[in-house]
Amino acid sequence: KINNTTREFDGIWSSSLTDSTVRGKPDNQSVDYATRIIGQNEILEVTKKPIIFDGDNGGRIEHLPYMVRSLERLGVSALVLEDKKGLKRNSLFADQTRANQDSINSFKKKISLAKKSTISDDFLIIARIESLILSKGVSDAFKRAEAYSDAGANMILIHIKATNPNSIFEFSK
């Protein structure tokens with residue numbers, strides 16, 4: 001839930017980075033989704049706060065419906081999928097030369113399938129756009145945001161690591 005006065009999220013972001021770090025593993029999907037989902041169950045035993053699950057790139061498209069339904073059944077509120085492909089590489093690393101962004105059409109298929117796999121309208125699918133992380137610019141990010149929204153994404157998360165927020169402001173306009 002977003003507090004309309006302060007615009008702060010009063011919930012939990014369940015990141016793959018945290019799940020990996022707590023297990024002493026790299027943030028490259030070394031911790032499988034089944035293990036991470038078990039962790040969500042443990043968190044939900046002690047809180048009623050909404051949880052946004054960082055699903056990285058969603059893994060294999062054939063497995064995505066099972067992840068969506070498992071998370072929703074447990075009581076997780078939303079799944080974030082990033083539009084990178086291949087082996088996960090943390091977006092905060094300085095060197096992103098080996099990171100690859102998925103094609104718009106391929107990622108739209110993931111978004112659409114994830115949305116179709118939900119049990120109710122209450123479970124949100126959030127598309128995370130990596131265009132600014134990968135230095136592809138605001139126009140590329142905006143083109144992707146429109147396409148992902150058309151594919152069924154409930155929300156768009158634009159990602160950046162720059163200290164100057166100008167491209168975020170430009171994207172928001």
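Every value quoted in this text rests on a predicted model; they were computed, and no experiment measured them. Numbering starts at 1 and runs along the sequence shown.
Panel note: side chain Arg23, backbone Asp19; a donor-acceptor pair is recorded below 3.5 Å. Counting only distance, with no hydrogens or angles, the side chain of Ser149 and the backbone of Ala145 share no donor-acceptor pair below 3.5 Å. The closest donor-acceptor contact from the side chain of Thr47 to the backbone of Leu44 lies at 3.5 Å or more, if one exists at all. At least one donor-acceptor pair closer than 3.5 Å links the side chain of Ser70 to the backbone N or O of Tyr66. Under a 3.5 Å cut-off, the side chain of Lys110 and the backbone N or O of Asn57 do form a donor-acceptor pair.
Side chains of Gln29 and Ser16: no donor on one and acceptor on the other come within 3.5 Å. Counting only N and O atoms by type, the side chains of Lys136 and Gln101 include a donor and acceptor under 3.5 Å apart. A side-chain N or O of Ser30 and one of Asn28 form a donor-acceptor pair less than 3.5 Å apart.
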Enumerate, atom names and distances included, each donor-acceptor pair closer than 3.5 Å involving a side-chain atom of residues 137-144, sequence neighbours excluded.
from: Asp140; atom 1: OD2; to: Ser131; atom 2: OG; distance (Å): 2.5
from: Asp140; atom 1: OD2; to: Arg144; atom 2: NE; distance (Å): 3.0
from: Arg144; atom 1: NH1; to: Asp83; atom 2: OD2; distance (Å): 3.4
from: Arg144; atom 1: NH1; to: Asp102; atom 2: O; distance (Å): 3.0
from: Arg144; atom 1: NH1; to: Tyr148; atom 2: OH; distance (Å): 2.7
from: Arg144; atom 1: NH2; to: Asp102; atom 2: O; distance (Å): 3.1

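Side chains of Lys85 and Ser106 form no contact here, defined as non-hydrogen atoms less than 4.5 Å apart. Inter-residue side-chain proximity for Ile133 and Lys161 is flagged as met; some heavy-atom pair is nearer than 4.5 Å.
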Derivation of the side-chain contact (heavy atoms from CB on, under 4.5 Å) call for Thr118 and Glu72: CA-CA 7 Å; Thr118 61; Glu72 187 173 5; 3.6 Å; yes

Trace of the side chain to side chain donor-acceptor pair (under 3.5 Å) decision for Ser15 with Thr18: CA-CA 5 Å; Ser15 76; Thr18 303; 2.7 Å; yes

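Applying side-chain contact (heavy atoms from CB on, under 4.5 Å) to Leu79 and the options Leu64, Ile51, Asp54 leaves one that passes, Leu64. Under the side-chain contact (heavy atoms from CB on, under 4.5 Å) test applied with Arg128, the options Ile156, Ile158, Val80 reduce to a single match, Val80.
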